[in-house]
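Below: the structure, in structure tokens.
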Amino acid sequence: MTFDFSLIFSSIPKLLSGLGLTLELLILSSFIGLVLAVFTLLMRISGRWFLMAPAVAYIYIFRGTPILVQIFVIYYGLPQFEFIRTGVLWPILREPFWCCVIALSLNAGAYVSEILRGGVLGVDKGVLEAASALGISKSQRFIYITSPIAIRLSLPAYCNDTISMTKATALASTVTLLEMTGVARTIVAQTFSPYEIFISVAIIYMVMAWMLQKGFGLLEIRMSRYLKATAG
Amino acid sequence: MSKQEPDMNTNKSEQEPIVILEHVCKNFGGFKALTDVNLTVHEGKKIVVCGPSGSGKSTMIRCINRLEEHDSGRIVVAGKELTHELKDIDAVRCEVGMVFQSFNLFPHLKVLDNLTLALKLVRKMPKLEARETAMRYLERVHIPDQVDKYPSQLSGGQQQRVAIARALCMNPKIMLFDEPTSALDPEMISEVLDVMVGLAQDGMTMICVTHEMGFARSIADYIVFMDQGEIVEINPPMEFFENPKSERTKLFLKQILTH
């Protein structure tokens with residue numbers, strides 16, 4: 001077979017027309033996922049079983065099943081129920097875009113809450129004891145001591161998860177959405193050159209991953225500046 | 001100790017002891033960390049607690065500000081009994097400063113913010129006043145020039161002095177020291193001990209777990225010797241070093257003073 005480089009250059013602008021939708025999916029799901037993650041984390045570390053149990057179940061379900069299956073369950077499965085189709089949420093649940101956002105957010109929420117929990121567990125117990133000894137209350141300790149330290153500890157794993165999310169948005173193409181991968185599939189259907197087109201789309205994802213990695217790297221340096229010893 | 005300390009004959013009506021431990025017991029699982037510990041500390045006294053490792057020294061002083069909960073017995077600090085009442089615990093913690101072996105400074109905050117955090121959150125002190133208070137105590141521990149550094153940029157001795165200043169900022173009535181020099185390089189021990197001696201001379205009530213016997217000899221009013229979760233002996237330093245009563249004390253002194 002021949003490899004047509006010109007096809008790569010001509011297809012990239014077309015593929016970029018799907019970039020907007022990819023970014024929308026990514027940003028919305030990451031944001032909603034992060035909010036979910038914080039609530040799940042608080043439930044998970046609350047020490048009360050009636051809060052911990054639902055959090056653990058939620059994490060278990062969404063970490064234990066493929067995102068693609070979750071998208072299918074939400075998009076194809078839920079409308080089977082009469083009360084969903086007549087319910088107030090139907091305008092949202094019938095849109096493939098929102099179904100994807102829901103699935104991706106729930107997924108991110110489960111993973112990120114565990115990432116944050118790792119950060120919280122990584123905070124030195126002695127430092128928290130020192131805060132208690134000063135009379136600083138439990139909630140104040142969480143806000144002023146645990147959170148800032150835990151966020152820094154979580155950052156590398158969170159970056160990793162965000163890159164995974166970026167790639168997971170490609171699954172939206174399976175439920176008719178024309179985000180980047182969806183656009184690629186349409187072009188392939190017209191040109192019959194899957195090799196060039198999918199390589200092009202892969203390159204765009206790689207550039208996005210590189211930018212995320214770079215951005216998080218800078219954030220990490222900034223948040224770790226207190227660890228840099230300059231005097232012995 | 002009360003029997004050795006006839007302070008009732010001072011003409012000023014002597015106030016209640018500032019720390020009272022009565023029949024305090026504490027277990028970790030099956031391990032008896034503290035067994036029937038009785039200790040009375042009056043205001044202004046300096047107590048040095050020593051003993052072999054695992055003897056319950058740290059556990060005892062950690063019970064005084066309830067970093068550990070005692071299982072039975074009574075602990076009264078500055079007139080408040082420590083129970084499950086959170087309000088009383090917070091009130092006691094405001095009166096009791098603590099210095100840890102591993103400094104435990106807030107790593108993400110600059111020295112100034114390490115000192116002012118509790119002033120702002122607990123004492124509700126305005127920013128400027130908190131800063132002034134912090135600077136006053138940093139001068140007292142001789143490191144006002146490190147105010148804008150992060151803990152990781154300081155030496156161990158400097159970090160421990162910041163930790164002492166941080167505790168002093170809250171204007172505590174009692175200071176607890178849990179092996180404050182054990183994690184330090186030898187050349188930094190004296191700078192921390194100097195600060196502690198200064199505090200003692202200013203009349204602070206202090207309870208120090210330490211292996212620095214020279215320090216104990218020079219500033220302690222009483223030395224408390226613990227072994228296997230019990231207080232074995234309480235004596236003034238002269239008596240403690242020259243004329244130890246129990247065999248366990250003699251053995252301990254022999255072990256630490258041979259070198």
Side-chain angles (χ1 to χ4, degrees), chain A residues 38 41-42 45-48 51 115-159 216-232, chain B residues 61-62 64-68 86-87 89-111 113-123 145-146 149-159 162-163 166-170 172 175-176 178 183 185 188:
Chain A
V38 171
L41 168 77
L42 292 174
I45 61 174
S46 66
R48 300 201 177 108
L51 293 174
I115 289 171
L116 294 177
R117 191 168 73 93
V120 167
L121 294 178
V123 177
D124 181 6
K125 221 177 116 245
V127 170
L128 293 171
E129 267 184 355
S132 325
L134 287 164
I136 296 173
S137 73
K138 194 175 172 186
S139 54
Q140 289 172 332
R141 290 199 295 272
F142 189 79
I143 295 169
Y144 293 95
I145 313 288
T146 306
S147 301
I149 298 175
I151 288 171
R152 178 188 58 80
L153 292 175
S154 309
L155 218 48
Y158 183 67
C159 165
F216 273 102
L218 289 173
L219 195 61
E220 212 178 305
I221 290 171
R222 204 187 132 69
M223 290 197 73
S224 306
R225 83 210 123 131
Y226 63 80
L227 292 175
K228 281 227 182 89
T230 54
Chain B
I61 70 164
R62 287 164 59 85
I64 295 173
N65 64 354
R66 212 172 170 85
L67 287 182
E68 304 287 356
L86 284 173
K87 249 202 182 121
I89 294 174
D90 281 340
V92 163
R93 284 175 175 169
C94 284
E95 306 288 356
V96 180
M98 186 156 194
V99 175
F100 300 84
Q101 180 176 354
S102 47
F103 327 137
N104 294 348
L105 294 176
F106 308 132
H108 60 300
L109 299 180
K110 290 181 174 175
V111 167
D113 299 313
N114 261 276
L115 269 63
T116 55
L117 186 67
L119 289 177
K120 290 186 210 155
L121 294 181
V122 183
R123 297 268 192 244
D145 45 327
Q146 310 290 350
K149 289 197 176 159
Y150 286 103
S152 64
Q153 298 170 311
L154 304 181
S155 72
Q158 290 172 326
Q159 289 192 49
V162 171
R166 178 177 66 177
L168 290 176
C169 274
M170 297 296 282
M175 284 288 284
L176 306 175
D178 190 359
D185 291 334
M188 290 169 186

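Because only heavy atoms are used, hydrogens play no part in the values below, and waters and symmetry mates are left out as well, while side chains stay in. Proteins come first, then strands; the chains are lettered A, B, ... in the order of their sequence lines, and each starts at number 1.
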Quick one: what part of Phe106(B) sits under 4.5 Å from any heavy atom of chain A, side chain, backbone, both or neither?
-> both

Looking at side-chain heavy atoms only, is the closest gap between Glu129(A) and Met98(B) below 4.5 Å?
-> no

Write down the atom of Pro107(B), the atom of Tyr226(A), and the distance for their closest heavy-atom approach.
-> O-CD1, 2.9 Å

Please look at Leu105(B) and chain A and tell me whether the side chain, the backbone, both or neither of the residue comes under 4.5 angstrom of a heavy atom of that chain.
-> backbone

Is any side-chain heavy atom of Tyr150(B) less than 4.5 Å from a side-chain heavy atom of Arg225(A)?
-> yes

What is the minimum heavy-atom distance between Leu67(B) and Ser132(A), and which atoms define it?
-> CD2-CB, 4.1 Å

Is the backbone of Gly126(A) close enough, under 3.5 Å, to the side chain of Asn104(B) for a donor and an acceptor to pair up by distance?
-> yes

Between His108(B) and Tyr144(A), which heavy-atom pair has the shortest distance, and what is it?
-> NE2-O, 2.8 Å

Measure the spacing between CG of Leu86(B) and NZ of Lys138(A) and express it to the nearest 0.5 Å.
-> 9.5 Å

Heavy-atom nearest pair, Arg166(B) first then Ala130(A), reads NH2-CB, 3.3 Å

Can you see which heavy atom on Leu134(A) is nearest to which on Val122(B), and at what distance?
-> O-CG2, 3.8 Å

